[in-house]
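Values below: every heavy atom of this structure, side chains too, minus hydrogens, waters and symmetry copies. From a predicted model like this one, the values you see are computed outputs, not experimental measurements.
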Amino acid sequence: ALALHAGPPAPTSLGAVFSAALKQISLSWAASTGTVAGYKVYRATYSASSVAGRAPLLTGTTTTAFVDTPSTAFDSTYYYLVTAVDPVGNEGAPSNQSAVVFDVHAPMITITGVSNGQYTSANLTPAVTITDFSPRVATVTLNGQPFVSGTSLTQPGTYFLDVSGQDAFGSSSTATAFFTIDKTSP
């Protein structure tokens, strides 16, 4: 009977670093201590300690580094594993998992409860939603003063709502609304 070979020892010290400017993820790892013909790199959008049932992102590389350029269609957390393959094709156990946030989109700002240019005699309740995969800073002001989203405005006047959001990688967005509440009788 033939003995099953487990493949080379796992690579170690897998690390992943995201570059927002280059929109890429740089991976590097310490080489397996066994006889290695190449490495396989695996990427997933979920955490897993096994590569069972997964197709590799890259096969056959003989270096201990790889630059991944995922689709910029959406932001995600990517989880990477690397395995070593011996000269006869036996794949060893996976490396440590390395997770990295890939965020190339600016925050999305939505203003509801008021529309830009609105002129009304009714009370208004502006609400602001800022969504991003890695939010960091949000600023919401009304006429230059801090404003709490969802606060009802009952006083007549001209208002300027100014919203900005920035994510952890420096991408930013702004949105504004200029509106008037006029309760004078015609």
Side-chain angles (χ1 to χ4, degrees), residues 1-111 128-140 149 162-176:
L2 293 174
L4 293 177
H5 189 275
T12 58
S13 304
L14 174 61
V17 177
F18 169 61
S19 167
L22 299 175
K23 297 181 178 169
Q24 65 187 26
I25 298 169
S26 297
L27 304 173
S28 63
W29 57 91
S32 168
T33 56
T35 302
V36 176
Y39 295 96
K40 291 184 180 182
V41 176
Y42 294 84
R43 176 184 71 201
T45 55
Y46 55 89
S47 179
S49 59
S50 168
V51 297
R54 292 169 52 185
L57 176 66
L58 175 71
T59 61
T61 184
T62 55
T63 65
T64 57
F66 172 65
V67 175
D68 186 16
T69 52
S71 164
T72 58
F74 62 94
D75 298 334
S76 185
T77 298
Y78 289 113
Y79 300 86
Y80 292 91
L81 292 169
V82 175
T83 60
V85 180
D86 69 17
V88 294
N90 295 307
E91 185 174 11
S95 65
N96 59 292
Q97 178 176 263
S98 186
V100 65
V101 171
F102 181 79
D103 184 349
V104 296
H105 296 100
M108 186 170 61
I109 299 172
T110 306
I111 299 173
V128 174
T129 305
I130 303 172
T131 54
D132 190 78
F133 198 77
S134 60
R136 185 174 71 178
V137 178
T139 305
V140 181
S149 177
D162 188 20
V163 183
S164 66
Q166 183 179 41
D167 69 20
F169 299 100
S171 296
S172 60
S173 298
T174 61
T176 58

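Side-chain contact between Glu91 and Val51 is present, with heavy atoms from C-beta onward closer than 4.5 Å. Residues Val101 and Phe18 are not in side-chain contact: their nearest non-hydrogen atoms beyond the backbone lie 4.5 Å or more apart. Val104 is listed as a side-chain neighbour of Asp75, based on a closest heavy-atom distance under 4.5 Å. Between Tyr42 and Pro94 the shortest side-chain heavy-atom distance does not fall below 4.5 Å. Counting heavy atoms from C-beta on, the side chains of Thr77 and Phe133 come closer than 4.5 Å. Trp29 is not listed as a side-chain neighbour of Ser13, based on a closest heavy-atom distance of 4.5 Å or more. Between Ile25 and Phe102, some side-chain heavy-atom pair lies under the 4.5 Å cut-off. The shortest side-chain heavy-atom distance between Pro87 and Thr35 falls under the 4.5 Å cut-off.
Shown here for Ser164 and Thr174, the closest heavy-atom pair between the two residues is CB-CG2, 3.9 Å. The heavy-atom pair separating His105 from Asp132 by the smallest distance is O-OD1, 3.1 Å. Between Ser95 and Leu14, the closest heavy-atom pair is OG-CD2, 3.5 Å. The shortest non-hydrogen separation linking Pro8 to Gly34 is CB-CA, 4.4 Å. Contact detail for Phe169 and Ala20: the closest heavy-atom pair is CB-CB, 3.8 Å. Nearest heavy-atom pair across Pro9 and Ala84 is O-CB, 4.0 Å.
Aromatic ring centres of Tyr80 and Phe66: separated by at least 6.0 Å.
Atom CG of residue Leu81 and atom CG of residue Leu57 lie 11.5 Å apart, to the nearest 0.5 angstrom. Here CD1 of Ile130 is found 9.0 Å from CD1 of Ile111. Values are rounded to the nearest 0.5 Å. Note that CG of Asp103 is 10.5 Å distant from NZ of Lys23, once rounded to the nearest 0.5 Å. Met108 CE to Thr131 OG1: the interatomic distance, rounded to the nearest 0.5 Å, is 3.5 Å.
Of the possible donor and acceptor atoms, none in the side chain of Gln166 sits under 3.5 Å from a partner among the backbone N and O of Arg136. Under the 3.5 Å distance criterion, the side-chain polar atoms of Ser98 are matched with a main-chain donor or acceptor of Ala16. Ser173 contributes a side-chain N or O that, together with a main-chain N or O of Pro107, makes up a donor-acceptor pair within less than 3.5 Å.
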